[in-house]
Structures are given as C-alpha cells and as structure tokens.
Amino acid sequence: MNLSAAKVESVKDLSSSDAKWVKIQKVFYKDPNGKARDWEFATRQTRVEGSDVDGVAILAIIEKSTGPEVLVQRQFRPPVNGVVIEFPAGLLDPKETPEQCAERELLEETGYIGKAIHSSPILFCDPGFCNTNLKLVQVSIDMDDERNIKPQQQLEDGEFIENFTMPLSEFPEKIDQLAKEGFILDARVRNIAAGIAIAKKYKL
C-alpha cells in the first residue's frame, strides 16, 4: 500500500441538503453581556439515537515483555490532503457503549483483540467549529493472547490504514520525528505525546 500516492484532485462546494455525514447550521445566542449574536458551525448527522457521544479514539497499549508500545496509524485524509498520524478511531453503532465501540474498531482497523480499561469524559475536538465529540478509550492488548500474534485487519471498502507501533518511552520523540518527515499529526496524538514529555520533565 502506497499511501503517498493518494491525492485530492478537485474540491467543490456542498450544501447541507446534499451532504451525507455533516451539515452546516447557524445558532443564535446571547453573549455574557446580553448582546444577540450568531455563530456558524458544523454538526454530524450520524450520532446514534440515545447517545450523547459520536465516537471514540483509541489509545491502544501493547503489553510486551520488552516494555509497553503504543499502536498508531498512518492514513490518508482528504480534508487535509495528506497522510495523518493518528490513533485508531470510529463511530458508535446503535446500542453500543464507547468501550464496546473501541474494542470493535480496534479489531476491525488493526486486527488486535484488546480490553477497554479506561474511558475519558466526553471530549470536543474543535468546539469553535463543530459539535463533534468523542471519548478517548484506553485499551490494553495482551500479547500472551495467541490471537494477537498475527493480527489481520478487517477494513471496509475505501479504508486504507497502515498500523505501526513505537515504544511508549520514546513516544514524544518518535511523533515529533514523523512531523519533521512531513506527516500530519492528529492533535490527539500530539497531545498525548506532550503529556508524556511533561510528565518526564517534571518527574510526575
């Protein structure tokens, strides 16, 4: 798979009525001084009924005898016309918890069997632009489970994902090196890397 061969060939405007995944709306509100204002924003059309969260991002830790490793992905993302370094992620299915979604998406995108061990509060990705949200779910991958020896992806049509790992202890440096090589960083990945670097610096 040559992800660098993918490229955007054209872009055109799209009305909300023709969109499948998102729509543009305008909200009218009063600011803290009581002045009437409005705001344009994007919203997903795919949130499952009865849920207050759109999807999950997965912080998958592979438990190895040589030390823990973080599972990350390379994936071409058309909106930024480039290959992005990101965590596995996905949208909830009906009647699915974020933890169940994380374990399912991990299996589909990476082939690994994992166990969700912690979920964050609901996080908003870009609240000045859209109301899309998610939970960051930490998943542990046990390499003593023989099903994880040769993981096989179960990708849908149109998904092109490369998985790779890096030592947790070297995560900040490895991520910054990928940025220097021209890859685009998902903010969640860089934020985790920054948190690890800060914890190291201040010996937390």
Side-chain angles (χ1 to χ4, degrees), residues 1-8 20-21 44 46 48 51 53-120 125 132 134-171 174-175 177-179 181-190 192-193 196:
M1 187 189 314
N2 181 13
L3 293 176
S4 62
K7 63 179 180 179
V8 172
K20 178 180 179 181
W21 301 100
R44 279 193 181 275
T46 54
V48 297
S51 177
V53 62
D54 292 309
V56 299
I58 305 162
L59 177 55
I61 305 297
I62 300 178
E63 309 289 350
K64 289 188 173 182
S65 59
T66 53
E69 297 186 2
V70 185
L71 178 60
V72 287
Q73 299 180 330
R74 285 183 286 260
Q75 184 171 187
F76 177 78
R77 292 297 194 180
V80 295
N81 193 24
V83 178
V84 180
I85 305 300
E86 53 191 50
F87 292 132
L91 300 175
L92 267 70
D93 282 345
K95 299 181 180 179
E96 188 176 50
T97 67
E99 295 75 21
Q100 290 169 336
C101 177
E103 292 176 1
R104 173 182 57 78
E105 287 286 353
L106 182 72
L107 176 61
E108 292 175 358
E109 293 191 355
T110 74
Y112 282 106
I113 304 291
K115 176 65 177 177
I117 59 176
H118 182 267
S119 293
S120 74
C125 305
T132 296
L134 57 83
K135 285 193 172 187
L136 179 64
V137 181
Q138 184 179 340
V139 176
S140 177
I141 299 173
D142 182 5
M143 292 308 294
D144 288 333
D145 187 332
E146 62 182 15
R147 296 173 295 177
N148 288 327
I149 302 302
K150 294 183 179 180
Q152 298 293 321
Q153 292 174 294
Q154 303 171 18
L155 298 178
E156 298 177 2
D157 181 51
E159 287 187 315
F160 303 92
I161 299 171
E162 292 182 350
N163 298 294
F164 62 107
T165 67
M166 56 184 67
L168 181 61
S169 61
E170 302 175 13
F171 192 62
K174 295 285 189 182
I175 289 300
Q177 180 58 40
L178 288 168
E181 294 173 8
F183 291 99
I184 298 168
L185 301 183
D186 184 293
R188 290 161 289 193
V189 172
R190 186 60 183 83
I192 292 293
I196 294 172

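Of all heavy-atom pairs spanning Val70 and Leu59, the tightest one is CG1-CD1, 4.1 Å. A pairwise comparison of heavy atoms in Phe160 and Gln75 identifies O-CG, 3.7 Å as the closest pair. In terms of heavy atoms, Ser4 sits closest to Val83 at N-CG2, 4.5 Å. In terms of heavy atoms, Ala102 sits closest to Ile58 at O-CD1, 3.3 Å.
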- Item | side chain to side chain contact (heavy atoms under 4.5 Å, CB included) assessment of Asn148 paired with Ile113 | CA-CA 6 Å; Asn148 288 327; Ile113 304 291; 3.6 Å; yes
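Taken from NZ in Lys174 to CD1 in Ile85, the straight-line distance is 13.0 Å, to the nearest 0.5 Å. Rounding to the nearest 0.5 angstrom, the gap separating the CD atom in Glu109 from the CD atom in Gln153 is 8.5 Å. Atom NZ of Lys135 sits about 9.5 Å away from atom CG of Leu92, to the nearest 0.5 Å.
Using a 4.0 Å cut-off between charged nitrogen and carboxylate oxygen, Arg74 and Glu86 do not count as a salt-bridge pair. Taking a cutoff of 4.0 Å between a charged side-chain nitrogen and a carboxylate oxygen, Asp93 and Arg104 qualify as a salt bridge.
A 6.0 Å sphere centred on CD of Glu146 holds no more than 12 heavy atoms belonging to other residues, nucleotides or ligands.
Side chains of Ile62 and Pro68 form no contact here, defined as non-hydrogen atoms less than 4.5 Å apart. For the pair Glu69/Met166, no side-chain contact is recorded, criterion being any heavy-atom separation below 4.5 Å from C-beta on. Looking at heavy atoms from C-beta onward, Leu71 lies in side-chain contact with Ile141 at the 4.5 angstrom threshold. A heavy-atom distance below 4.5 Å is not found between the side chains of Val137 and His118.
Cation-pi geometry between Arg188 and Phe87 is not met: the NZ or CZ atom fails to fall both under 6.0 Å from the ring centre and inside 45° of the normal.
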